[in-house]
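Notes to accompany the following structure.
Just so it is clear: chains get the letters A, B, ... in the order the sequence lines come, proteins before strands, and each one is counted from 1.
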Protein chains: 2
Amino acid sequence: MKEFLKTKGFKMTPQRELIFRSFFEMGKHVSVEELYDKVHQKDRSIGYSTVWRNLKVICKVGLAEEVNLGDGVTRYDRVTREPHGHLFCQNCKRLIEFDIHAVLPYLVETGEEKNFRADSFKIEITGLCEDCQAMENKKNERLH
Amino acid sequence: MKEFLKTKGFKMTPQRELIFRSFFEMGKHVSVEELYDKVHQKDRSIGYSTVWRNLKVICKVGLAEEVNLGDGVTRYDRVTREPHGHLFCQNCKRLIEFDIHAVLPYLVETGEEKNFRADSFKIEITGLCEDCQAMENKKNERLH
DNA sequence: TTGCAATTGAATATCGTTTTCAATTGGCCG
DNA sequence: CGGCCAATTGAAAACGATATTCAATTGCAA
Ligand SMILES: [Mn+2]
Ligand SMILES: [Mn+2]
Ligand SMILES: [Zn+2]
Ligand SMILES: [Zn+2]
């Protein structure tokens with residue numbers, strides 16, 4: 001990792017090491033605050049801006065991407081070889097991923113048709129996840 | 001329009017009338033600030049918060065939807081019968097629409113598979129529009 | 001070891017969004 | 001036609017996530 005960062009023009013530091021490690025441990029779709037909480041538990045001296053900056057670094061070196069869902073909080077998603085879409089539960093904010101191989105060619109073609117140079121594709125389905133639907137049903141039952 | 005608003009529990013006011021009219025005149029993908037500028041030209045007394053609130057009203061009554069592209073500015077898009085996706089130029093912020101009939105069934109199916117109750121579908125392609133590519137090329141030529 | 005750019009933490013700035021509050025007004029009812 | 005009251009308005013302030021500033025520290029190449 002240190003070597004990898006060097007090729008990208010970044011130094012390794014203890015703070016960066018902990019932040020990177022924590023990010024990759026936490027799995028997908030992490031917000032600055034969530035990562036800060038985790039990192040801060042392990043090292044109370046690490047500041048919020050350092051966590052924020054290092055998430056940007058993780059993106060700059062191509063290991064993650066920002067995900068914006070319009071709820072005012074940017075999440076950071078590990079980059080995987082497989083492009084995917086997101087099901088976003090408006091209630092619990094959970095993100096469920098799904099494969100988009102089937103539709104990607106169509107989107108690529110659409111971009112080409114309009115002479116658009118596409119950098120990235122985003123597919124999001126907003127709604128209510130299975131669990132939150134169940135909770136909603138229970139709540140409605142109680143009203144009878 | 002006044003009657004329509006009444007059925008939704010809203011009153012008509014001169015400010016609202018002007019804001020609604022201006023919004024529909026401006027076409028698609030309007031930000032609060034853009035609409036405020038336009039409205040403010042016609043009536044210097046109308047405040048920013050009134051414009052903001054009325055855009056929310058336009059959404060509440062189902063005539064528009066918020067569009068979030070991760071650039072920190074919410075845009076308001078007239079609701080049309082036809083679902084569509086967006087090509088978003090990162091340089092000039094222009095939005096180009098495209099039809100998504102072909103991929104919608106796949107997304108609906110995906111939601112069902114995961115027992116997800118889908119409210120809305122969002123498809124965005126980020127990149128550089130034709131004009132901005134041309135500008136970029138010109139700039140690069142000049143460097144030789 | 002030295003020099004210097006990169007990094008860090010705290011504080012502060014930014015900026016679009018949202019709320020507060022007092023004053024005004026639309027529209028229903030008598 | 002008034003009177004009433006909830007809805008609406010405009011200005012100002014609050015919010016909150018993101019981003020920057022700055023002085024101090026540190027990684028690391030030479
Ligand atoms: Mn993801
Ligand atoms: Mn649109
Ligand atoms: Zn949920
Ligand atoms: Zn452009």
*Minimum heavy-atom separation for A:Asp71 to A:Lys93, with atom names?*
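In this case the closest contact between A:Asp71 and A:Lys93 is OD2-CD, 4.0 Å.
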
*Taking only N and O in the side chain of B:Asn54, is any of them less than 4.0 Å away from OP1 or OP2 of D:dT9?*
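Affirmative; the distance criterion is met.
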
*Listed by chain and number, what are the salt bridge (charged side-chain N to carboxylate O under 4.0 Å, His left out) partners of B:Glu82, not counting sequence neighbours?*
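Salt bridge (charged side-chain N to carboxylate O under 4.0 Å, His left out) check on B:Glu82 returns nothing, list empty.
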
*asked:* Can you list everything that forms a salt bridge (charged side-chain N to carboxylate O under 4.0 Å, His left out) with A:Lys114? Sequence neighbours excluded, please.
replied: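 A:Lys114: no salt bridge (charged side-chain N to carboxylate O under 4.0 Å, His left out) contacts found.
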
*asked:* Using salt bridge (charged side-chain N to carboxylate O under 4.0 Å, His left out), reason through A:Arg21 and A:Glu17 one step at a time and then give a plain yes or no.
replied: CA-CA 6 Å; A:Arg21 188 192 311 290; A:Glu17 165 114 35; 2.5 Å; yes

How close or far is atom [atom2] of [N] from atom [atom1] of [X], stated in whole angstroms?
X       : N      : atom1 : atom2 : answer
A:Asn68 : C:dG16 : CG    : C1'   : 13 Å
A:Ile46 : C:dG9  : CD1   : P     : 6 Å
A:Leu55 : C:dT7  : CG    : P     : 15 Å
A:Glu17 : D:dG27 : CD    : C1'   : 13 Å
A:Arg44 : C:dT8  : CZ    : P     : 19 Å
A:Met1  : D:dG27 : CE    : P     : 17 Å
A:Leu5  : D:dC28 : CG    : C1'   : 14 Å
B:Leu18 : D:dT9  : CG    : C1'   : 14 Å

Distance-only donor-acceptor pairs under 3.5 Å for side chains of residues 52-63 of chain A, two or more places apart:
from    : atom 1 : to      : atom 2 : distance (Å)
A:Asn54 : OD1    : A:Arg16 : NE     : 2.6
A:Asn54 : OD1    : A:Arg16 : NH2    : 3.4
A:Asn54 : ND2    : A:Thr50 : O      : 2.9
A:Lys56 : NZ     : A:Glu66 : OE2    : 2.6

*Within the structure shown, what part of the strands sits under 4.0 Å from A:Ser31 by heavy-atom distance: base, sugar-phosphate, or nothing?*
nothing

Run the ring-ring contact (aromatic ring centres under 6.0 Å, His included) test against [X] and tell me which residues pass, sequence neighbours left out.
X       : value
B:Tyr48 : B:Tyr36
A:His86 : A:His29, A:His84
A:Phe10 : none

*asked:* Under the ring-ring contact (aromatic ring centres under 6.0 Å, His included) definition, can you give me all pairs with a residue in residues 103-133 of chain A, not counting sequence neighbours?
replied: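 ring-ring contact (aromatic ring centres under 6.0 Å, His included) check on residues 103-133 of chain A returns no pairs.
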
*Sequence-aligned protein contact record of nucleotides 24-30 of chain C, with B where the base is within under 4.0 Å of a protein heavy atom and S where only the sugar-phosphate is*: --BSS--

*Produce a footprint string for nucleotides 12-24 of chain D: one letter per nucleotide, 5' end first; B if the base is under 4.0 Å from any protein heavy atom, S if only the sugar-phosphate is, - if neither.*
-----SBSBB---

*asked:* Donor-acceptor check, side chain of B:Gln133 to backbone of B:Leu128, threshold 3.5 angstrom: yes or no?
replied: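 A pair under 3.5 Å: yes.
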
*Share the residues that join B:Leu69 in a hydrophobic cluster, the rule being Ile, Leu, Val, Met, Phe, Trp or Tyr side chains under 4.5 Å apart at the heavy-atom level.*
B:Val67, B:Phe88, B:Leu95

_Salt bridge check, B:Glu112 against B:Arg117: does any charged N sit closer than 4.0 Å to a carboxylate O?_
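The answer is no: the pair does not qualify as a salt bridge.
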
*In residues 20-30 of chain A, which ones come under 4.0 Å of DNA chain D, going by heavy atoms?*
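Within residues 20-30 of chain A, no residue comes under 4.0 Å of DNA chain D.
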
*Counting only heavy atoms not in B:Glu33, do more than 12 fall under 6.0 Å of its CD?*
no

_Evaluate A:Glu25 against A:Lys42 for salt bridge (charged side-chain N to carboxylate O under 4.0 Å, His left out), listing each step before the verdict._
CA-CA 13 Å; A:Glu25 276 172 7; A:Lys42 299 183 186 167; 3.2 Å; yes

*Starting from the first five and the last five pairs of the helix from C:dT1-D:dA30 to C:dG30-D:dC1, work out the angle between the resulting helix axes, to 10 degrees.*
30°

